[in-house]
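Order of the sequence lines fixes the chain letters, A, B, ..., with proteins taken first and strands second; residue numbering starts at 1 for each chain.
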Amino acid sequence: MKEIALVLFTICIQASIGIMVFAAVAKLLNKESSFKSAIITAAGLAIVGLLASFMHLGRPLSAINALSQFGSSWLSLEIWFTSAFTGLTALVALLIYVKPSTKSAINALIPIAAVIGLANVFVMASIYNFTSVPAWQHSSIFMEFYAAAISMGAVLFIVLSGKKVGNMRRTLAFTIGVAVILQVVAMELYYIQLGANESLAAQTSFTLLNNMSTAMALKWLLILFGSGLLFLPTMKAKTNVLVGQAATEVAATTEETLSTTTYIAAALIIIGQIIGRYIFYAISITGTIGLS
Amino acid sequence: MGKLGFYFDMEACIGCRTCQMACKDKNNSDINVLFRRVKSFETGVYPKPDAYNYSGSCNHCSEAKCVQGCPTGAMHYAEDGTVQQNKDKCIGCQYCVWNCPYGAPQYIEKSGVVGKCDSCKDLRDNGENPACVNACIMRILHFGDLDELKQKYGPNLVNELPILPIASVTQPSLVVKPKSCSSDRNYREKEV
């Protein structure tokens with residue numbers, strides 16, 4: 001797979017952005033919790049993503065040249081935004097780890113990183129939209145990228161924040177559900193319009209997509225099943241109206257089930273989004289002479 | 001002086017690919033790297049089959065997407081308006097490869113950077129023609145002031161054909177004397 005570095009880069013950065021967005025929201029509701037594991041994971045993912053982007057370059061040691069042209073193109077913006085987001089997230093993680101007493105600085109930096117991250121997702125999608133690849137020239141890819149960031153970020157935030165996530169769990173599950181539904185609707189339009197595109201490059205992409213039907217089916221099954229799983233435990237917990245020791249035992253079992261189900265949901269959603277991103281790159285055919 | 005660009009007479013091209021080989025030789029290009037590439041197309045069916053060739057390279061577009069997208073400024077406009085590449089600035093991100101609708105920039109694995117037709121600027125700076133122009137045995141490939149080329153070879157010149165991308169996107173510095181069958185939208189590329 002030629003673009004494996006870019007799959008890793010976009011998935012890691014988007015997941016990290018998602019985590020930081022929900023960390024920022026959670027901080028608004030609960031200023032005292034540090035969400036240490038979530039933020040350290042976000043920093044780790046951002047750093048892995050940034051390093052993966054270097055693997056895509058023919059001359060990674062000259063990567064610094066890319067910082068010389070701020071705002072001249074979507075790609076230069078992305079390089080700046082990704083660097084700023086990764087730097088800020090790593091700084092927040094470092095402060096939480098080394099100097100947790102600097103709460104006001106931490107609380108201020110998290111929303112800044114989240115906003116830069118959200119802008120970066122738009123920039124990332126714009127990069128592909130600008131190319132001469134008809135399969136990428138569709139507004140649905142903005143939704144695909146945002147849904148990936150939101151769904152992966154939210155589910156990782158649930159997993160990594162444990163009990164601290166508290167009442168937010170249902171809201172997060174609901175947010176993932178909405179993001180995934182919008183992703184399905186956007187991509188359904190995308191598939192139809194790609195098939196109807198008369199350009200030979202688009203037709204070739206569509207044929208490749210058709211050949212990857214199994215992977216595509218797997219992508220949606222995993223994402224939808226994973227998102228659906230997040231709603232099950234909360235519903236189950238509601239039905240357990242018991243008293244005394246039995247209630248404690250059932251509560252413990254429910255919590256365990258809840259935690260296992262959440263892990264499975266997280267794995268399914270993330271693997272589904274990774275497969276989707278693989279397909280995204282695998283079907284790219286540039287419209288060129290003889291393929292117009 | 002108007003914009004500099006290539007003139008190609010499709011009617012007279014015999015598809016010998018001498019221009020392609022001269023370019024490859026001049027740039028010492030690796031296998032699979034062609035800064036000028038001749039493609040052959042067929043149209044129609046018996047009893048009215050037809051065929052034509054297209055010799056294409058970088059079109060040094062006025063609205064070049066490779067320049068617009070380059071994150072390092074490696075792709076830039078030279079003082080003569082042609083699109084040039086500063087290899088020292090290139091980081092090999094290959095964004096220009098995705099952006100150019102003419103397939104001009106090509107990634108060169110060995111060096112880790114992209115390369116493309118520079119319209120043989122070194123030769124032109126010494127008053128010579130690009131290598132492909134001088135090599136063309138039919139004398140149907142020219143490089144120069146587009147306004148002068150249009151005056152000399154006009155009036156039925158085009159820069160848009162069914163096989164080519166929409167010209168309004170990048171404003172290519174290219175004029176083609178088309179063969180009538182090249183306006184047929186039902187073309188098939190012929191592997192040579």
Side-chain angles (χ1 to χ4, degrees), chain A residues 2-3 5-6 9 52-83 123-124 126-137 198-202 204-205 280-281 283-292, chain B residues 37-41 54-57 59 65-76 86-115 160-167 169-170 172 174 185 187-191:
Chain A
K2 199 176 146 212
E3 307 296 2
L6 291 179
F9 163 65
S53 73
F54 286 95
M55 278 159 52
H56 167 71
L57 302 178
R59 289 208 330 217
L61 295 177
S62 306
I64 195 79
N65 292 354
L67 295 174
S68 66
Q69 305 276 311
F70 178 76
S72 68
S73 74
W74 288 117
L75 187 56
S76 68
L77 263 184
E78 186 214 36
I79 293 160
W80 270 97
F81 280 17
T82 304
S83 307
V123 172
M124 281 172 137
S126 302
I127 286 174
Y128 297 99
N129 213 34
F130 179 79
T131 62
S132 296
V133 178
W136 290 342
Q137 291 169 331
E198 286 181 354
S199 134
L200 277 181
T204 313
S205 293
F280 175 82
Y281 288 107
I283 65 164
S284 71
I285 299 288
T286 310
T288 186
I289 298 162
L291 278 181
S292 295
Chain B
R37 189 186 296 265
V38 178
K39 290 190 171 191
S40 301
F41 298 91
Y54 176 80
S55 171
S57 67
N59 291 318
K65 285 187 80 162
C66 60
V67 176
Q68 290 168 0
C70 183
T72 64
M75 287 289 183
H76 64 281
N86 182 341
K87 282 203 165 62
D88 293 334
K89 283 187 179 178
C90 182
I91 56 172
C93 71
Q94 303 157 63
Y95 193 39
C96 51
V97 178
W98 284 343
N99 282 335
C100 175
Y102 297 94
Q106 285 162 55
Y107 182 61
I108 301 157
E109 294 275 351
K110 205 162 71 182
S111 55
V113 293
V114 161
E160 208 168 70
L161 288 166
I163 58 159
L164 295 180
I166 299 164
V169 176
T170 62
L174 165 78
R185 303 201 77 83
Y187 60 82
R188 302 172 298 277
E189 189 173 345
K190 197 176 111 189
E191 292 297 329

Does any backbone or side-chain atom of [X] lie under 4.5 Å from a heavy atom of chain A? Answer side chain, backbone, both or neither.
X: B:Val97; result: backbone
X: B:Thr170; result: neither
X: B:Lys39; result: side chain
X: B:Cys96; result: neither
X: B:Tyr102; result: both

From [X] [atom1] over to [Y] [atom2], what is the distance, rounded to the nearest 0.5 angstrom?
X: B:Glu160; Y: A:Ser292; atom1: CD; atom2: OG; answer: 9.0 Å
X: B:Asn99; Y: A:Ile127; atom1: CG; atom2: CD1; answer: 10.0 Å
X: B:Leu164; Y: A:Leu291; atom1: CG; atom2: CG; answer: 12.0 Å
X: B:Arg185; Y: A:Glu198; atom1: CZ; atom2: CD; answer: 8.0 Å
X: B:Tyr95; Y: A:Trp74; atom1: OH; atom2: CH2; answer: 9.0 Å

Let me know if [X] has heavy atoms under 4.5 Å from chain B in its side chain, its backbone, both or neither.
X: A:Ala63; value: backbone
X: A:Ile285; value: neither
X: A:Leu77; value: neither
X: A:Ser72; value: both
X: A:Ile289; value: both

Can you name the closest pair of heavy atoms from [X] and [Y] and give their distance?
X: A:Leu75; Y: B:Pro71; result: CD2-CG, 3.5 Å
X: B:Asp88; Y: A:Asn65; result: O-ND2, 3.4 Å
X: A:Arg59; Y: B:Val113; result: NH1-CG1, 3.4 Å
X: B:Cys100; Y: A:Thr286; result: O-CG2, 3.9 Å

Just wondering, are more than 12 heavy atoms of other shown residues or ligands nearer than 6.0 Å to NZ in B:Lys190?
no
Contact winner vs chain A - B:Ala74, B:Gly56, B:Cys90, B:Ser111, heavy-atom pairs under 4.5 Å
B:Cys90
Is there a side-chain contact between A:Tyr128 and B:Trp98, using heavy atoms and a 4.5 Å cut-off?
yes
Pick from A:Ser73, A:Ser132, A:Gly287 with the largest number of heavy-atom pairs that fall under 4.5 Å of chain B
A:Ser132
Would you say B:Tyr54's side chain and A:Gly290's backbone share a donor-acceptor pair under 3.5 angstrom?
no
